[in-house]
Amino acid sequence: MPLTVGFDLDMTLIDSRPGIHAAYREFSARTGVWIDADLVVSRLGPPLEHELANWFPEERVAEMAAAYREIYPAYAIEPTLALPGAREAIQAVRETGGRTVVVTAKNEPHAELHLRHLGMEPDAVIGWLWAEAKAEALREHGASVYVGDHLGDIRGARAAGALAVSVATGPYGEEALREAGADVVLADLTAFPAWWATYAGGALSRA
């Protein structure tokens, strides 16, 4: 089987902060509920419902999540950027005959919109999964490596028996990621191709 690498989406492959900030400002204006968009984008990673629970009563979270997702494409896709090295990381895996899968807590339609808009083409996109639940998709696709920026991504990799590779492009620095149990910590994805060449070379020689 080809080597398969899983990637998280927000703050791993894409810098979605500008788009999410814009979406939350519009959402706040529409609902009349003050939401600190700066604070929201400083802690991306968990599912949308987790964040909305900070601003709305529990009984309204599901309704508000649906309303936010409805306006999301119009405000969040265009401003979002690819993080440095993201496209090259996917290509590095492809060049060794490997596969890439994006496993994210974001819903699949919006994840696919982001990737298509930024010209990234993983082999599969799986949404709606957070932390340990990501192991379901990682195991299904045979991923031996999972790359993410959040402590929840480390837990997901561990639960799947995959190598936990962390990038310090999200809310946690390199030291915090190491302390949380990451097997490999990279400053960002620009360092991934060189690391992958060594890792994949060793894995293929043992196959």
Contact summary for [X] and [Y], nearest pair of heavy atoms:
{"X": "T96", "Y": "A200", "result": "CG2-CB, 4.4 Å"}
{"X": "H117", "Y": "T80", "result": "CD2-O, 4.5 Å"}
{"X": "A160", "Y": "A135", "result": "N-CB, 3.6 Å"}
{"X": "V102", "Y": "P122", "result": "CG2-CG, 3.8 Å"}
{"X": "P46", "Y": "A105", "result": "C-CB, 4.5 Å"}
{"X": "A143", "Y": "A162", "result": "O-CB, 3.7 Å"}

>> Between D8 and H150, is there a side-chain donor-acceptor contact under 3.5 Å, judged purely by atom types and distance?
In response: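 The criterion, which ignores hydrogens and geometry beyond distance, is not satisfied for D8 and H150.
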>> Under a plain distance cut-off of 3.5 Å, with no hydrogens placed, do D149 and T169 share a side-chain donor-acceptor pair?
In response: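 Checked: T169/D149 side chains show no N/O donor-acceptor pair below 3.5 Å.
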Is any side-chain heavy atom of [X] less than 4.5 Å from a side-chain heavy atom of [Y]?
{"X": "V165", "Y": "W195", "answer": "yes"}
{"X": "R158", "Y": "D183", "answer": "yes"}
{"X": "L113", "Y": "R116", "answer": "yes"}
{"X": "R87", "Y": "L118", "answer": "yes"}

>> For R60 and E63: C-alpha separation, side-chain torsions, deciding distance, then whether salt bridge (Lys or Arg N to Asp or Glu O under 4.0 Å) applies.
In response: CA-CA 5 Å; R60 296 198 66 200; E63 172 197 354; 3.6 Å; yes
When rounded to the nearest 0.5 angstrom, what distance separates [atom1] in [X] from [atom2] in [Y]?
{"X": "M11", "Y": "D188", "atom1": "CE", "atom2": "CG", "result": "11.0 Å"}
{"X": "E51", "Y": "L48", "atom1": "CD", "atom2": "CG", "result": "8.5 Å"}
{"X": "L13", "Y": "L83", "atom1": "CG", "atom2": "CG", "result": "7.5 Å"}
{"X": "D153", "Y": "E132", "atom1": "CG", "atom2": "CD", "result": "10.5 Å"}
{"X": "D15", "Y": "D10", "atom1": "CG", "atom2": "CG", "result": "9.0 Å"}
{"X": "M64", "Y": "R69", "atom1": "CE", "atom2": "CZ", "result": "12.5 Å"}

Treating Ile, Leu, Val, Met, Phe, Trp and Tyr as nodes and any side-chain heavy-atom pair under 4.5 angstrom as an edge, say whether [X] and [Y] lie in one connected cluster.
{"X": "F27", "Y": "V33", "value": "yes"}
{"X": "V147", "Y": "I126", "value": "no"}
{"X": "V184", "Y": "L151", "value": "no"}

>> Between S144 and L3, is the side-chain contact (heavy atoms from CB on, under 4.5 Å) condition met? List the steps.
In response: CA-CA 7 Å; S144 58; L3 291 172; 4.2 Å; yes
State whether the side chain of [X] and the backbone N or O of [Y] hold a donor-acceptor pair below 3.5 Å, judged by distance alone.
{"X": "T12", "Y": "L9", "value": "no"}
{"X": "R30", "Y": "I71", "value": "no"}
{"X": "R139", "Y": "G161", "value": "no"}

> With under 30° as parallel and over 60° as perpendicular, where do the rings of F192 and W196 fit, or are they tilted in between?
Replying inline: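 Rings of F192 and W196: parallel, under 30°.
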> Should the ring pair Y68 and Y24 be called parallel, tilted or perpendicular, given that the plane angle runs from 0 to 90° and is split at 30 and 60?
Replying inline: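 If you compare the ring of Y68 with that of Y24, the planes turn out tilted.
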>> For V5 and Y146: C-alpha separation, side-chain torsions, deciding distance, then whether side-chain contact (heavy atoms from CB on, under 4.5 Å) applies.
In response: CA-CA 6 Å; V5 178; Y146 185 58; over 6 Å; no
> For atom CD of E58, is the number of surrounding heavy atoms from other residues, nucleotides or ligands below 6.0 Å larger than 12?
Replying inline: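 No, the 6.0 Å shell around CD holds no more than 12 heavy atoms from other groups.
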> Is the number of heavy atoms from other residues, nucleotides or ligands within 6.0 Å of CD (E174) greater than 12?
Replying inline: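 Check passes, neighbour count above 12.
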>> For H21 together with Y75, are the ring centres under 6.0 Å from each other?
In response: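 No.
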>> side-chain contact (heavy atoms from CB on, under 4.5 Å), that's the test. Do V93 and R99 meet it? Break it down for me.
In response: CA-CA 7 Å; V93 177; R99 298 178 68 254; 5.8 Å; no
>> Run R25 and I20 through side-chain contact (heavy atoms from CB on, under 4.5 Å) and show every step you take.
In response: CA-CA 9 Å; R25 290 195 64 179; I20 290 176; over 6 Å; no
